[in-house]
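One structure is given below, encoded as structure tokens.
Lettering follows sequence order; numbering is per chain, from 1.
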Amino acid sequence: MKHAELIATWTGAVCTLAILSVLYRENRFYRFFEHVFIGLAAGYGLFVAWRDMLWGEWWKPLAHEGKWYLIIPALVALLYYTVYSKKHAWMSRVLIVTLFGLGAGMAFQGFAAQAGPQISSSFKPLWGNGLTPMQILNNLVFMITLVCVLTYFFFAFKQDRALVRQPAKVGRWLLMIAFGATFGSTVMARFSLFIDRMQFLLGEWLHLLK
Amino acid sequence: MKHADPFMAVLLPLLSGLILVNILRARRGSDLFIRKIPGIDAIGEAVGRATEMGRPILFSIGLGGIDIVTLLAFEVVAHVTRLAARYRNRVIVPVVDPVAIPVLEEIEREAFASEHRPEGFNADDIRFLSDSQFAYAAGVVGIMHREQVATNFFFGIFAAESLILAETGQHVGAVQVAGTPSALQVPFFIVTCDYTVIGEEYYATTAYISREPVLLGSLVGQDWGKLVLLVLAVVGTLLTTLGAALPTLKPVADVFVKWIGGG
Amino acid sequence: MLEWTIRLQTIDRRIIYGLVIGLIVLALLWDFPLPQAVSPEAQSLYETIESLPKNKLVVIAADWGAATRGECAPLTAAVVTHLFRNKRPFAIIGFAAQGPELTTAIVQKQAKEFGAKYGKDWCNWGYKVSIDSTLLSLAESIRRTIPQDVEGTKLDDVPLMKRVKGIDDVGLLVEFTGSGTLEAFLRRLPRSVKIAQGCTAVVGPEQYPYIDSGQLCGLLVGMKGAAEYEHLLGIRAQGTAAMRPQSLAHLLIIVLIILGNLGMYAAAKQGRDLKRKGEAAT
Amino acid sequence: MDRTQTAPAFLQEFFSKHLFVPLHGWAFVGALLGTLLVAGLLFFLLSALPPLARRRLMKTLAFVAGLFYAVEFFWPEKGNPLTGYLIPLGTFLRVMGCFAIGLGLISLCTVHGKAVGRRSEGWINSAAFFAAFFAIVVFGFWQQYGKQPVHPGAYTFAGGMFHILFIGMYNSLEPTMFSILAFFITSAAYRAFRVKSAEASLMLGAAFIVMLGQVPVGMILTSWIPPDSGFAFFRLEKLANWILTGVSSAAFRGILFGTVIGNLALSLRTWLSLEKGAYFDKPL
């Protein structure tokens, strides 16, 4: 395969154009490559599952090192396939409910890992030596935002009380500012992706860029 | 954090206790209030729209599979499918995780049966597309165009593909309702969907739909939990401030902050 | 006139997409100059490298993969140029599987220009799995954590590593990433190692607090960061080239938003006028 | 920190010495057959369970599964009886996950197989699916396990085909699909950012400032404000940064506190089988 690189560049260009064509409207060209994409993803997923996972962690120890007990996960996984039998379909559910149980048990650790550091780093001094007025203002804004946003997420406390209603309203406004800011800050990252693609088309494929 | 530090060993049982106590209280039948969440109210209306137009509904459960967040999305699929079955419509669910296929098949079959239309269930409507994020997105874009869906639901965990899905929905003129705890994707749903369920509102969806006492009680417990975190943040801030302003109080503040920061 | 303004609120999306493609192709092909401001965070990274003692090693942590290549590659390239130019030896380590490989490609390309040699001017420690435990043991002993480089040479036999005894000989660590891996470095490395970061625009906002607290000695965010650093180095590379289409794209969005609002305003005005006329007639 | 340094968990040594021992030859075959027999027996027992017992079994399994992680987390690191099982359990679950891929393949092959078989509209696309799928599987394994290239950097036939399929096609399709976001973010911003209500205006305003603050063209607008004066805060890049780090990060922290508690509540309900809904209340 002498020309693998060259052919790869050309097929890459065709694939890029096919996906971009959906911007005009959904068409045969896109549809064809959409299916190719799904086929490649499924095949590559299978290949990678074997190469990076099953071969080293399952087949090699099982068949070459005599670790016979590794047959167990494979047998348990067969329960998934009971879904194709009307009579035994409920057994797949035994497995899935157990997996949900495992996921639920991880919630404590997840809570601690996600929220733990965020709680203690929310304590920002509102006064004191060495704080500039700007820092004080920042810390105050931080505190107010946090309190108002949390209030917005109260569901069961009646909102006819001004104590809940007003902060909740401000909380929603502050959320909108945060969402707008996130939107704005993502624009650059998204365009980086497309610029990268255009550099491929104009540079690597057509050799128009210096 | 690999294991519970002294602070978490107190906080987590406390929060869990608050949630469980309120579930028990609700089971005994105390009357519970829950505020309006317009996004969830809109679900029925959105299903109705699809039926009026005689076009199918698409429900994306995002990138999740067998996890706690997606578990809730499954319940919303069940609700939407029951409504659709009542109106003789169908719900297409494209999925990323193959393990979700058996779960969804059972849910849809069950939903059609409960509305006395078992023949309405079609296994081909649960479509595994790909476990690769963007191959999935490419497939959903294709389905939306070809099936000319009238309504899209997005409930679950989403990442960058959120905008690809929801903006395509806009292009085909679908009514869209989204709900996700993935905070970074909320802005993209807000600008493209008719209704967006934000952050923790997502976890209130099932309680809101079913008005089941257990779920409503849990919601009250969650509120108490948030109140605990809110008080912690305020007290911590005040203590830190006092510690910074008055040197004599600094040791007290430091001990508190250190305890919360994990000893 | 009013009719035309009203139409501005319903511009067909295909026209918008055409404009996006047109502007980006134009900006890529036509090299027009743009003013470039430099943020204090970029300036401070530049100065840190300038003032770094000659005997200290720099470590590049390559925690990114193909998905964030668009932003991480130009950032890495800019910092590597600076290191080569100042003849500061560096080592590459990565906590993302593809990171060290992709970084090596960038380094090799530049090594030719600067006449730098593997082993003398840079080396590659390779991909490591668990970030926390690797850094913890790295702080205790570099040689025990990384017995050999990716080519299988013992670290003692790599020329540039001869002077490096332990973590105290590392002067600066620059991490390039598209995710929130920074905290592990802050947690596990001694304060004697200065830490700087180049990150994607998406995670940028989360990193600024560490600049305020002094834990980070420099920060480059996204394409903008790469362009700023190239400006400091006085070169025009990928970052600067990408700022042209980026600027035009941002401008296009802003102009479109303004046009849309003008259209909406005009439509509302027409509605009011019609209503008034209607009232007069009845 | 190192996994070899973790003390063995409760009964772990017993298991690894007496039960889960690598075997070879006939002993290996015997152990495999024995396991299959036990599995078959369990399957038979399971299918004989009456509906009520089935439900009880599920509740118990979910509880025990959740209990494992809960105890592992709350027990202090020193002398933790379960930490040693984390890695084997992780491997077990990942291997199981790999075997679930078949569910996805069956689903894909049924849908596309039907289309090709019936020559229904668009069957060519379904054929393309199969071609792409088999090509990358065949060439993937072939280049992995087949003849290796003589010179580094050269390609064998299989290696070249895999390069074309993976680097040429897959690595173009994926980032291009991702890059479509550049267009969609533009059209979404144009359509949605209208000064209609207070909320929409706030969102628009924040997005506007942040977008301008990120590119040189925007920064020029306020570059006349001296960077070391008291008004430097109003330079667009500073203002943008302030919105992102001040307001935005606090708001996202508020959202996070809500979602982690919501997640905790849902997990508790699932763990203790208190959850109500289609998947849990369905008659068996």
Side-chain angles (χ1 to χ4, degrees), chain A residues 1 4 7-8 11-12 15-16 19 31 35-37 39-40 42-44 47 49 53-54 58 66-69 71 73 75 77 90 97-98 100-102 104-109 111 114-115 138 141-142 145-146 149-150 153 174-178 180-181 183-185 188 190-191 193-194 197, chain D residues 20 22-24 28 31-32 35 39 58 61-62 65-66 69-70 73 92 95-96 98-100 125 128-129 132-133 136-137 140 155 160 163-164 167-170 172-173 176 178-179 181-182 185 199 202-203 206-207 210-211 214 243-244 246-248 250-251 254 258 260 264 267 270-271 284:
Chain A
M1 283 302 270
I7 302 173
T11 46
C15 290
T16 306
I19 295 290
R31 212 173 299 165
H35 285 79
V36 168
F37 189 10
L40 287 174
Y44 186 66
F47 169 64
M53 180 65 215
L54 286 179
W58 184 70
K67 295 188 178 165
W68 56 273
Y69 46 86
I71 193 76
L75 289 175
W90 70 273
V97 167
T98 311
F100 275 129
L102 280 175
M106 280 186 236
F108 296 108
Q109 201 262 346
F111 182 97
Q114 267 193 296
N138 279 346
V141 168
F142 184 92
T145 310
L146 184 63
V149 168
L150 267 177
F153 285 112
L174 289 163
L175 276 174
M176 290 303 146
I177 294 180
F183 189 101
S185 73
M188 180 173 267
R190 300 304 182 235
F191 270 95
L193 298 164
F194 181 63
R197 280 287 87 196
Chain D
F20 297 125
L23 297 172
H24 298 278
F28 176 74
L32 275 193
T35 318
M58 282 186 213
L61 280 174
Y69 279 114
F73 175 68
F92 189 101
V95 169
M96 255 175 64
C98 286
F99 280 101
N125 298 317
F129 159 81
F133 173 76
I136 200 161
V137 170
Y155 293 102
H163 182 82
I164 292 167
I167 301 289
M169 301 181 80
Y170 188 75
S172 293
L173 290 164
T176 309
F178 198 177
S179 77
L181 281 171
I185 210 169
E199 282 181 13
L202 282 170
M203 197 168 165
V210 172
M211 274 192 277
Q214 283 197 322
I243 295 178
L244 282 169
V247 181
S248 191
V260 287
L264 182 70
S267 299
T270 311
W271 182 34
L284 291 161

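The heavy-atom pair separating D/Gly246 from A/Phe142 by the smallest distance is O-CD1, 4.2 Å. Closest heavy-atom contact between A/Leu102 and D/Ala65: CD2-O, 3.5 Å. In terms of heavy atoms, D/Ala251 sits closest to A/Val149 at O-CG1, 3.7 Å. Scanning both residues, A/Ala181 and D/Ile243, for their nearest heavy atoms gives CB-CG2, 3.7 Å. Shown here for D/Ala250 and A/Leu146, the closest heavy-atom pair between the two residues is O-CD1, 3.8 Å. Closest of all the heavy-atom pairs between A/Gly12 and D/Ser172 is CA-OG, 3.2 Å.
Contact of D/Ala100 with chain A is made through backbone and side chain together, with heavy-atom distances under 4.5 Å. Interface residue A/Arg31: backbone and side-chain heavy atoms are both found under 4.5 Å from chain D. Of the atoms belonging to A/Ile177, heavy atoms from both backbone and side chain fall under 4.5 Å from chain D. Of the atoms belonging to A/Phe153, it is side-chain heavy atoms, and not backbone ones, that fall under 4.5 Å from chain D. In this structure, the portions of A/Met106 lying under 4.5 Å from any heavy atom of chain D include both its backbone and its side chain. For A/Leu75, the part lying under 4.5 angstrom from a heavy atom of chain D is the side chain only.
With chain D as partner, the option from A/Gly184, A/Ala115, A/Ala107 having the largest number of non-hydrogen pairs under 4.5 angstrom is A/Gly184. The candidate from D/Gly254, D/Ala207, D/Gly258 with the greatest count of non-hydrogen atom pairs under 4.5 Å with chain A is D/Ala207. Highest contact tally toward chain D, considering only A/Gly39, A/Ala77, A/Ala49, is held by A/Gly39 [criterion: heavy-atom pairs under 4.5 Å]. The most heavy-atom pairs under 4.5 Å with chain D, out of A/Leu40, A/Thr145, A/Thr11, A/Leu193, come from A/Leu40. Between chain A and the residues D/Leu61, D/Leu202, D/Leu244, the largest count of heavy-atom pairs under 4.5 Å involves D/Leu202.
By the 4.5 Å heavy-atom criterion applied to side chains, D/Ile136 and A/Phe47 are not counted as neighbours. Side-chain contact check for A/Phe191 versus D/Ile185: some heavy-atom pair is nearer than 4.5 Å. At a threshold of 4.5 Å between non-hydrogen side-chain atoms, the residues D/Phe178 and A/Arg190 count as touching. You'll find the side chain of D/Trp271 reaches within 4.5 Å of the side chain of A/Phe108, heavy atoms only.
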Inset, instruction - Evaluate the criterion ring pair (Phe, Tyr, Trp, His ring centres under 6.0 Å) for residue pair A/Tyr69 and D/Phe20; output intermediate values, then yes/no. - result: CA-CA 6 Å; A/Tyr69 46 86; D/Phe20 297 125; 4.9 Å; yes

Inset, instruction - Could you walk me through whether D/Met58 and A/Phe100 pass side chain to side chain contact (heavy atoms under 4.5 Å, CB included), step by step? - result: CA-CA 11 Å; D/Met58 282 186 213; A/Phe100 275 129; over 6 Å; no

Inset, instruction - Begin from the C-alpha positions of D/Phe129 and A/Val36 and carry the test side chain to side chain contact (heavy atoms under 4.5 Å, CB included) through to its verdict. - result: CA-CA 5 Å; D/Phe129 159 81; A/Val36 168; over 6 Å; no

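Ring planes of D/Tyr170 and A/Phe37: perpendicular class, angle over 60° (limits at 30 and 60°). Aromatic ring pairs are classed by plane angle as parallel below 30°, tilted from 30° to 60° and perpendicular above 60°; the pair A/Trp58 and D/Phe99 is perpendicular.
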